[in-house]
Amino acid sequence: MNTRFLALELRRAVRNGRYLIFTVVVPAVMFLLFVNLYGGGEGTFPNGLPVTTSLMMNMALFGVMAGPLSIGARIAVERGLGWQRQLRLTPLTGSGYLLTKGALGMLVGLPGILLVCVIGAFEGVRMDAAHWIGVLATLWLGAIPFVLLGIVIGLVATPDGMQAITGLASMLFGLLGGIWIPADVAPDWLATIMKALPTFWVKQLTQAPFVSGVNVGEALLVITLWVVGLSVIAARRYRVQS
Amino acid sequence: MTQTAVRAGAAVALSGLRKRFGEVRAVDGIDLVISPGEVVALLGPNGAGKSTTVDMLLALSTPDGGEISVFGTSPREAVVAGRISAMLQSGALLDDATVAEAVGLVAALHREPMPVEQALRQAGIADLAGRKCTKLSGGQKQRVRFALALVCDPDLLVLDEPTVAMDVETRRAFWQQMRAYTDTDTGRTVLFATHYLDEAEEYADRVVLMRSGRIVADGSVAQVRAAVSGRTLRAVVPGAADLALPGVRSAERRGDQITLTCTDSDAAVRALLARYPHAHDIEITALGLEDAFLALTGEDDR
């Protein structure tokens with residue numbers, strides 16, 4: 001991959017005000033809001049996870065979704081502008097373009113996760129270093145399906161339809177993925193849908209070291225299926241367009 | 001020299017090139033060889049197949065048949081090597097980048113780009129480096145596209161209707177820049193598609209005329225004009241009866257005023273004066289490229 005190109009793309013992405021607000025500021029502010037709403041402090045959820053820790057993970061996960069989706073939105077705009085055509089007059093290959101956008105999606109997801117976790121530490125989340133690293137790594141790697149989802153949306157949507165589709169995806173994967181409500185309180189049919197989404201399983205993996213009964217194998221299977229499926233769609237879609 | 005020998009050193013060699021979109025034969029068997037250093041205008045009305053040809057040359061689309069070679073390699077290899085580059089007709093610019101950033105992004109992708117400042121300077125927009133791409137006039141945007149095409153330092157520059165959105169003033173300035181670019185660096189090959197005849201006449205060494213996916217004329221501006229049989233002879237000849245003269249293809253008479261369309265106007269004028277010594281007000285004019293253009297592209301059989 002062309003690192004200089006990636007660096008320039010990263011600068012463009014990060015400079016975008018909307019990016020900063022939605023992927024870095026909003027998750028952090030939501031986290032603070034919820035912690036104060038729930039009283040934070042000593043409370044624990046029925047599964048044994050402290051309220052603050054759980055909220056921290058959920059809001060970081062929210063950021064993990066938002067960053068990559070914003071990169072996907074840029075793809076739709078670049079397609080609409082005809083910039084992709086311009087890039088095809090360079091040595092950049094189609095897979096190079098998608099890889100760069102993928103790497104970009106992974107990078108822009110990182111600040112949001114870090115900020116929420118730093119705030120978490122200040123708000124009293126306590127775990128040992130290995131667990132911190134595990135939580136951060138799981139959240140970050142958990143961005144992969146959303147990076148791919150962002151790319152697929154970017155390749156499918158028109159620049160005009162982008163806003164709506166991103167918003168919808170964000171709602172769908174967030175709400176039904178169990179970021180805002182736990183699957184335990186959902187009726188069976190809803191819980192089934194929730195368990196088909198990557199969001200739910202990334203959340204499960206993040207919690208795995210702290211609660212019992214997480215099916216890690218199933219989690220990895222569902223996430224892998226999403227990753228493979230979205231990759232195939234992205235590759236097909238890109239080939240059709242070029 | 002054999003045909004293959006010519007092709008081996010050619011900047012562009014197309015043979016039997018074909019591309020169809022559904023029922024439409026957009027490009028219908030084109031043979032064309034362009035030598036390094038030539039400035040060639042690809043001329044033709046809308047729908048003649050100019051853009052389709054250019055797209056295939058740039059590896060933006062694949063031909064249905066025939067062969068393309070750019071400096072002896074495939075179009076994509078030439079693009080990757082930075083030997084061919086293009087200013088696209090509708091190539092839009094990033095809405096969230098400055099001029100220098102946009103050019104820098106493209107430069108970062110090429111293997112041996114020229115410095116971004118140099119590309120901006122050669123395109124005449126050094127002063128716009130820090131300007132957002134959204135805050136540019138139409139002519140300035142074209143110059144940014146020009147800089148994007150220059151930054152890989154190509155040997156062959158393809159311009160697809162470069163001045164289509166420009167006013168007269170901007171067009172002239174653009175071509176001045178263009179000429180300065182080709183003059184300072186000999187050996188640069190330029191192929192530009194246009195439907196402005198005056199641009200072809202003024203800036204091209206050679207004109208390739210397309211119609212309905214085929215090349216209908218190819219040569220210097222003078223040759224293409226001559227292809228439509230050269231010159232028109234007008235004279236006042238009282239009492240002229242027989243106008244079947246050598247070198248005349250067709251004759252027209254209105255009163256004493258005659259108009260002869262000549263294949264060889266020298267022979268025609270000699271014969272005319274020999275037969276009608278009192279002929280006067282003789283006027284011989286070359287057909288303009290426009291006449292040639294109309295003659296060659298007008299008889300549309302669609």
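All values below were derived from every heavy atom in this structure, side-chain atoms included, with hydrogens, water molecules and symmetry-related copies excluded. Lettering follows sequence order; numbering is per chain, from 1.
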- prompt: B:Thr163 side chain to B:Arg171 main-chain N or O, any donor-acceptor pair under 3.5 Å?
  reply: no

- request: Report, as yes or no, whether the 6.0 Å neighbourhood of atom CZ on A:Arg79 holds more than 12 heavy atoms from other residues, nucleotides or ligands.
  value: yes

message: Given heavy-atom pairs under 4.5 angstrom as the criterion, report whether the side chain, backbone, both or neither of B:Ala81 touches chain A.
response: neither

field: Under 3.5 Å donor-acceptor, B:Arg188 side chain and B:Pro154 backbone
entry: yes

- request: Could you tell me whether the side chain of B:Lys50 and the main chain of B:Leu42 form a donor-acceptor pair under 3.5 Å?
  value: no

task: Side-chain contact test, heavy atoms from C-beta onward, threshold under 4.5 Å: evaluate it for A:Leu136 versus A:Leu114 and give yes or no.
output: yes

message: Looking only at heavy atoms and a cut-off of under 4.5 Å, which of A:Thr93, A:Leu8, A:Leu89 has the most pairs with chain B?
response: A:Leu89

message: For A:Glu9, which atoms come within 4.5 Å of any heavy atom of chain B: side chain, backbone, both, or neither?
response: both

query: So which of B:Ala59, B:Ser85, B:Ala86, B:Ala149 has the largest heavy-atom pair count under 4.5 angstrom toward chain A?
result: B:Ala86

statement: Highest number of heavy-atom pairs under 4.5 Å with chain A among B:Ile84, B:Leu109, B:Asp95, B:Val79 belongs to B:Leu109

